[in-house]
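Following this message is one structure expressed as structure tokens.
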Protein chains: 2
Amino acid sequence: MDTHETAPVQGLNPAQLHAWMRFVAVVELVPGLLDSQLQRDSALSHFEYYVLAMLSEAPNRTLRMTGLSSMTNSSLPRLSHVVKRLEERGLVKRSPCPTDRRATNAALTEEGWAVVQEAAPGHVRTVRENVIDPLTDEQVAQLDAISNQLLMKLDPTNRLNPRAPEGA
Amino acid sequence: MDTHETAPVQGLNPAQLHAWMRFVAVVELVPGLLDSQLQRDSALSHFEYYVLAMLSEAPNRTLRMTGLSSMTNSSLPRLSHVVKRLEERGLVKRSPCPTDRRATNAALTEEGWAVVQEAAPGHVRTVRENVIDPLTDEQVAQLDAISNQLLMKLDPTNRLNPRAPEGA
DNA sequence: ATGTATTAGTTGTTGTTACAAGTAATGTAT
DNA sequence: ATACATTACTTGTAACAACAACTAATACAT
């Protein structure tokens with residue numbers, strides 16, 4: 001049979017397909033938007049910013065690498081490389097954890113704190129202008145609900161959803 | 001109503017902040033999900049799949065590089081590198097455009113067509129299981145509307161919004 | 001105590017992406 | 001016809017991420 005009518009994206013009804021195509025476009029464009037603003041204004045990738053932001057909100061501005069990696073949705077190897085570079089730039093300081101000598105604590109330095117503080121307003125403005133303000137309050141609430149729904153499936157460790165994960 | 005406060009993520013009210021944190025997590029996790037399924041089952045990145053899929057739907061299974069780059073939300077350099085690799089793998093064939101000798105046409109080969117056809121069902125199943133099925137029909141419609149709203153700001157060329165956007 | 005498995009993290013390799021620079025064809029104005 | 005700008009694309013380089021392999025500490029079982 002000629003498959004010309006059935007495109008490579010099948011199995012979704014027209015409404016679902018349309019929603020998906022728009023959603024993928026958003027998902028592909030948002031990271032670049034965040035990265036380029038932060039890179040331009042603060043010489044940080046979005047991931048680096050997120051790492052610093054999580055540390056800045058932690059007690060003592062300090063977290064274990066493992067905890068930090070799950071808070072930033074990243075693998076431990078990726079985090080390790082990034083924290084190493086941040087340490088070389090003087091924004092973070094690593095030290096062995098006293099209670100468990102396998103573990104490493106990552107702490108924000110004073111300079112790191114200052115960098116996050118300076119980067120935050122521009123970042124928040126970008127988020128507001130590009131994501132929050134274009135939506136109604138109702139849509140923001142819908143996006144929250146939808147994201148939570150998706151994270152139940154997507155989030156490997158379910159750390160954002162206090163529910164028992166299905167077998168893995 | 002703008003607020004200037006000291007923590008890294010501020011200037012958003014609690015509802016907005018919560019929605020944003022969940023949404024970023026989704027945006028960070030979805031590409032990895034698509035990539036790993038396609039990589040595992042079809043040895044393609046999601047971007048490569050998308051390039052092949054766009055070609056497979058084009059008249060003659062052929063597109064100009066520039067057109068293809070905007071359809072895939074990518075820069076021309078990025079597309080050029082990817083198409084070069086796809087050509088080396090025999091999935092795409094490039095040829096100079098007869099009417100404009102600056103331009104290059106990228107065409108899907110028979111093998112490329114076969115590869116997309118084989119990859120499609122698994123990809124669609126992943127999308128359905130992880131994005132569409134967790135949502136109600138109403139939420140899918142909401143996601144569509146929200147994505148469109150965001151693309152008006154995000155999509156530089158508005159190529160996904162054929163109709164005139166609301167007056168801005 | 002000793003051996004094994006698990007956890008925590010780092011490092012190396014390989015491939016991809018972004019950015020900037022370069023080439024070539026085309027359009028436009030004089 | 002010549003000069004200049006623009007468009008279309010390619011290529012080189014440097015940063016980044018994914019994956020796998022590695023080291024070291026801890027937990028558990030006998």
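Within every chain, numbering begins at 1; the chains are lettered A, B, ... in the order of the sequence lines, protein sequences first and strands thereafter. Computed from a predicted structure; not experimentally measured.
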Check every strand shown and say whether A/Asp100 touches a base, only sugar-phosphate, or nothing at a heavy-atom separation below 4.0 Å.
->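 Here A/Asp100 touches the backbone only, sparing every base.
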Sidechain-backbone polar pair: A/Glu87 side chain, A/Arg94 backbone, donor-acceptor under 3.5 Å |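 Indeed, once roles are kept as given, a pair shorter than 3.5 Å links the two residues.
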Specify the separation, in whole Å, of atom CZ of A/Arg64 and atom C1' of D/dA25.
->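 Those two atoms, CZ and C1', are 12 Å apart.
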Minimum heavy-atom distance between B/Arg64 and B/Cys97, given as atom pair plus value =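 Nearest heavy atoms, B/Arg64 then B/Cys97: NH1-SG, 4.0 Å.
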Check if the side chain of B/Arg102 and the base of C/dT26 share a donor-acceptor pair of N or O atoms closer than 3.5 Å.
->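 By the distance-only test, no, there is no pair.
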Please say whether more than 12 non-hydrogen atoms of neighbouring residues, nucleotides or ligands are located less than 6.0 Å from CZ in A/Arg125.
->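 Atom CZ in A/Arg125 is not packed in, count stays at 12 or less.
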Output yes when a side-chain donor or acceptor of A/Glu48 lies under 3.5 Å from a complementary backbone atom of A/Ser45, and no otherwise.
->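 Side chain of A/Glu48 to backbone of A/Ser45: a pair is present.
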Search all heavy atoms of A/Val127 against all heavy atoms of B/Leu12 and return the closest pair with its distance.
->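 Smallest interatomic distance, heavy atoms only, reads CG1-CD1, 4.3 Å.
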How long is the line joining CG of B/Asn73 and P of C/dA18, in whole Å?
->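 After rounding, the reported distance stands at 12 Å.
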Taking A/Asn13 for its side chain and A/Ala15 for its backbone only, find out whether a donor-acceptor pair lies under 3.5 Å.
->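 Such a contact is found between A/Asn13 side chain and A/Ala15 backbone.
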Taking NZ, NE, NH1 and NH2 as the nitrogens, is one of them in A/Arg128 or A/Asp133 under 4.0 Å from a carboxylate oxygen of the other?
->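 Salt bridge present between A/Arg128 and A/Asp133.
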On DNA chain D, nearest-nucleotide positions of B/Gly67 versus B/Ser36: which is more 5'?
->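 Of the two residues, B/Gly67 wins.
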Pick the nucleotide of DNA chain D nearest each of A/Pro98 and A/Glu48; which residue has the one closer to the 5' end?
->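 It is A/Glu48 whose nearest nucleotide is closer to the 5' end.
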In whole Å, what is the span from the CD atom of A/Glu28 to the C1' atom of C/dT17?
->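 Distance, rounded to whole Å: 13 Å.
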Integer-rounded Å distance: C/dT11 C1' and A/Met65 CE |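 Roughly 13 Å, once rounded to whole Å.
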Can you tell me the distance, in whole Å, between the CZ atom of A/Arg94 and the P atom of C/dA8?
->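 To the nearest whole Å, that distance equals 17 Å.
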Closest nucleotide of DNA chain C for A/Ala103 versus for A/Gln39: which of these residues is on the 5' side?
->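 Result of the comparison: A/Ala103.
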Interface with DNA chain D, restricted to residues 76-92 of chain A and to heavy atoms under 4.0 Å |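 Heavy-atom contacts with DNA chain D come from A/Pro77, A/Arg78, A/His81, A/Val82, A/Arg85.
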Phosphate OP1/OP2 of D/dT26 contacted by A/Arg101 side-chain N/O (<4.0 Å) |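 Yes, A/Arg101 has a side-chain N/O under 4.0 Å of OP1/OP2 on D/dT26.
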